[in-house]
There are 2 protein chains.
Amino acid sequence: MRKIRKFSAPEPSMRRLPAYLHVLTRLLRENRLYVSCTFISNELYLDPTQVRKDLALTGIVGKPRVGYSVEELIDKIKAFLGWDVQRNAFLVGVGNLGTALLGYQRFRLYGLNIVTAFDKDPRRIGKTIFGVDVLHVDKMTNLALRNKIDIGIITVGEDAAQEVADLMVQGFIKGIWNFAPKTLIVPDDVIVENAQLSVSLGVLTSKMKLSQTEKNMV
Amino acid sequence: MRKIRKFSAPEPSMRRLPAYLHVLTRLLRENRLYVSCTFISNELYLDPTQVRKDLALTGIVGKPRVGYSVEELIDKIKAFLGWDVQRNAFLVGVGNLGTALLGYQRFRLYGLNIVTAFDKDPRRIGKTIFGVDVLHVDKMTNLALRNKIDIGIITVGEDAAQEVADLMVQGFIKGIWNFAPKTLIVPDDVIVENAQLSVSLGVLTSKMKLSQTEKNMV
DNA sequence: TATTATTCGTGAATTAATTCTCTATTGGAG
DNA sequence: CTCCAATAGAGAATTAATTCACGAATAATA
Ligand SMILES: NC(=O)c1ccc[n+]([C@@H]2O[C@H](COP(=O)([O-])OP(=O)(O)OC[C@H]3O[C@@H](n4cnc5c(N)ncnc54)[C@H](O)[C@@H]3O)[C@@H](O)[C@H]2O)c1
Ligand SMILES: NC(=O)c1ccc[n+]([C@@H]2O[C@H](COP(=O)([O-])OP(=O)(O)OC[C@H]3O[C@@H](n4cnc5c(N)ncnc54)[C@H](O)[C@@H]3O)[C@@H](O)[C@H]2O)c1
């Protein structure tokens with residue numbers, strides 16, 4: 001119910017693609033030309049058929065007995081994830097997490113180009129962090145309208161997240177990457193993705209809890 | 001194939017639980033005593049039956065016409081996620097991301113107690129960051145053996161991730177929260193959870209790509 | 001007190017995702 | 001040149017997850 005939009009690819013598959021890319025990038029560095037599903041599945045502890053189905057989503061065609069071209073596969077996966085085009089982004093909230101994201105060069109490989117950062121704390125405004133200028137958040141909406149900005153990254157606290165999202169919507173930003181633990185309310189044509197670190201912690205600790213009880217039962 | 005272990009709860013459900021917790025924590029602040037699945041489902045744009053099934057995993061029992069006790073539900077979800085006990089953790093790699101994690105107080109609410117941090121860069125060693133001492137990584141294994149450390153957090157680059165994981169395994173750490181884009185090889189009784197930020201970016205950009213093509217077709 | 005609307009809980013039905021099975025292709029070994 | 005082993009690809013079967021449908025409980029209201 002109420003799934004705003006139906007996107008074509010199965011999410012579980014989509015979530016596995018970046019891991020394939022990590023393996024492939026390493027293989028490219030090692031000058032390997034071809035790779036098989038079996039190889040990838042061994043690297044990542046997945047079922048080879050699952051890998052094959054996932055890769056098929058990208059439209060790649062492999063050669064029997066040989067596998068897929070590493071280079072072509074990288075390109076196809078990147079295209080599928082939308083990482084083959086540059087996207088301009090604004091980041092709001094230059095705190096601990098915001099600063100870390102600004103310093104992460106790998107995002108450029110994925111087409112994410114953070115052009116300017118914003119905060120409301122006067123101590124941060126005017127600084128340049130990892131080459132990115134920090135301006136007052138009041139200037140964000142107008143700047144977004146003037147330049148074309150595709151993605152807004154929210155790394156403010158949860159209290160401020162909705163108001164920042166509103167400013168982004170006013171600036172015609174169509175994709176929001178939200179790190180605050182808060183459900184954002186936005187128009188239908190804006191896509192929100194919540195990056196929830198705590199989910200990952202929960203998966204870890206709940207598995208640890210289960211393996212403890214297993215031990216107790218023995 | 002080769003799923004190392006089968007854990008009882010469906011992962012999709014487990015991944016939704018932290019979001020329920022966010023809503024519930026807010027309701028607790030607002031002094032609400034009871035909450036229904038319908039309410040939660042509206043907040044998070046989910047199906048109410050799905051919410052009900054997820055919550056049932058925690059063993060909570062609701063009252064018809066009223067819903068669930070907010071306080072009890074919080075406790076049950078925390079217990080289910082393994083967030084009701086304190087776990088001692090070491091963090092290795094006090095760079096951009098490592099520093100951000102050290103400064104994130106919310107993790108304490110989830111039972112994560114980062115007791116010491118480690119690096120190999122002499123400029124970082126000896127500092128205290130957000131109240132956590134930074135020591136040389138060589139001391140990590142012995143300290144882990146001496147104190148009981150449950151979780152190891154890896155925030156070094158991908159090149160160093162495996163060697164750090166090896167040190168953690170030697171220190172009898174049984175859960176590894178890995179932020180490096182690298183598949184770690186560990187013994188069967190060690191649980192690894194990969195926190196992959198790029199996955200979330202991929203979900204966002206691929207959805208943006210699809211909604212663009214939709215527009216072009218109109 | 002009787003009625004009504006809301007919500008939980010559960011089993012069935014549906015849909016999605018994964019895994020299995022089989023065929024065809026192809027490069028390399030004999 | 002022939003055979004073999006590895007692999008892609010596609011459809012079927014299975015398993016997992018989600019959604020639907022309905023009965024029972026209960027607080028609020030008439
Ligand atoms: N630090 C982490 O490891 C971590 C992990 C998971 C989630 N998060 C989430 O990420 C967000 C940021 O976390 P953090 O640790 O970096 O917090 P932080 O307090 O270090 O940074 C928040 C920054 O946002 C700025 N800010 C606040 N309100 C603003 C507004 N209205 N407009 C512009 N700027 C504003 C503050 O000045 C500050 O610089 C939080 O929502 C947090 O829950 C952080
Ligand atoms: N910064 C981000 O936003 C971000 C996002 C996603 C993933 N990651 C991943 O997290 C990891 C850390 O990223 P970062 O941006 O903080 O990098 P960083 O370079 O800022 O920090 C890495 C730290 O690890 C230390 N280190 C390196 N080798 C070590 C070793 N063998 N033992 C102990 N310490 C060692 C370095 O001295 C440095 O302090 C990387 O694997 C990166 O891919 C980072």
Side-chain angles (χ1 to χ4, degrees), chain A residues 1-17 19-20 23-24 27 32-70 72-73 76-77 80 199 203 206, chain B residues 1-17 19-20 23-24 27 32-70 72-73 76-77 80 199 203 206-207 210:
Chain A
M1 189 199 188
R2 222 157 320 129
K3 274 242 166 141
I4 305 294
R5 206 188 297 247
K6 170 62 198 159
F7 298 104
S8 53
E11 261 215 29
S13 299
M14 220 153 70
R15 302 182 67 87
R16 284 187 293 267
L17 290 175
Y20 301 153
V23 173
L24 292 167
L27 295 178
R32 267 188 73 145
L33 293 178
Y34 287 92
V35 66
S36 71
C37 289
T38 325
F39 183 91
I40 297 176
S41 70
N42 283 330
E43 289 284 309
L44 299 172
Y45 304 104
L46 298 171
D47 181 278
T49 312
Q50 187 171 60
V51 175
R52 196 170 296 124
K53 289 246 154 106
D54 289 343
L55 299 184
L57 291 172
T58 69
I60 189 113
V61 175
K63 278 193 211 168
R65 182 67 213 251
V66 177
Y68 306 91
S69 153
V70 171
E72 191 191 350
L73 191 47
K76 285 266 164 75
I77 292 178
F80 189 80
V199 165
V203 172
S206 67
Chain B
M1 190 201 186
R2 221 155 323 130
K3 275 242 167 142
I4 304 295
R5 205 187 297 246
K6 169 64 198 158
F7 297 105
S8 53
E11 260 214 33
S13 301
M14 220 153 71
R15 301 183 67 86
R16 283 188 293 267
L17 290 174
Y20 301 152
V23 173
L24 292 167
L27 295 179
R32 268 188 71 146
L33 293 178
Y34 287 91
V35 67
S36 70
C37 289
T38 327
F39 183 92
I40 297 177
S41 70
N42 283 331
E43 289 284 309
L44 298 172
Y45 304 104
L46 298 171
D47 181 277
T49 311
Q50 186 171 62
V51 175
R52 195 169 298 124
K53 291 242 154 110
D54 289 344
L55 298 184
L57 291 172
T58 69
I60 189 119
V61 176
K63 277 195 213 165
R65 182 65 211 252
V66 177
Y68 306 91
S69 154
V70 171
E72 192 191 349
L73 191 46
K76 285 266 165 76
I77 292 178
F80 190 80
V199 165
V203 172
S206 65
K207 285 181 180 175
L210 287 168

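Numbers restart at 1 for each chain; the letters A, B, ... are given by sequence-line order, proteins then strands.
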Find the distance [X]:[atom1] to [N]:[atom2] and express it as a whole number of Å.
X     : N      : atom1 : atom2 : result
B/L55 : C/dT10 : CG    : P     : 13 Å
A/R52 : C/dA17 : CZ    : C1'   : 17 Å
B/L33 : D/dA27 : CG    : P     : 14 Å
B/D54 : D/dT18 : CG    : P     : 7 Å
B/D47 : C/dA13 : CG    : P     : 18 Å
A/L57 : D/dA10 : CG    : P     : 12 Å
A/F39 : D/dA6  : CZ    : C1'   : 15 Å
B/M14 : D/dA16 : CE    : C1'   : 15 Å

Flag side-chain contact, heavy atom, 4.5 Å: [X] against [Y]:
X     : Y      : value
A/V70 : A/L33  : no
B/M14 : A/S206 : yes
B/L44 : B/V23  : yes
B/Y68 : B/I40  : no

Could you give me the CA-CA distance, side-chain angles and deciding distance for B/T58 and B/Y20, then say whether side-chain contact (heavy atoms from CB on, under 4.5 Å) is met? CA-CA 12 Å; B/T58 69; B/Y20 301 152; over 6 Å; no
Determine: side-chain N/O of [X] to OP1/OP2 of [N], distance under 4.0 Å, yes or no.
X     : N      : answer
A/T49 : C/dT18 : no
A/Y34 : D/dA8  : no
B/R16 : D/dT18 : yes

Starting at the 5' end of nucleotides 23-30 of chain C, put B wherever the base has a protein heavy atom under 4.0 Å, S where only the sugar-phosphate does, and a dash everywhere else. --BBB---
Just to verify, what does A/R16 make a salt bridge (charged side-chain N to carboxylate O under 4.0 Å, His left out) with, not counting sequence neighbours?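 Applying salt bridge (charged side-chain N to carboxylate O under 4.0 Å, His left out) to A/R16 gives A/D54.
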Does the base of C/dT19 carry an N or O that pairs as donor and acceptor with the side chain of A/K53 under 3.5 Å?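 A donor-acceptor contact between them is present.
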Would you mind telling me which of D/dA8, C/dG11, C/dA17 lies closest to the side-chain atoms of A/P10?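 The nucleotide sitting nearest to the side chain is C/dA17.
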Of the options C/dT18, D/dA8, D/dT18, whose atoms approach the side-chain atoms of A/Q50 most closely?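 Given the options C/dT18, D/dA8, D/dT18, the side chain of A/Q50 is closest to C/dT18.
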Carefully, step by step, assess B/D47 and B/S41 under the rule side-chain contact (heavy atoms from CB on, under 4.5 Å). CA-CA 6 Å; B/D47 181 277; B/S41 70; over 6 Å; no
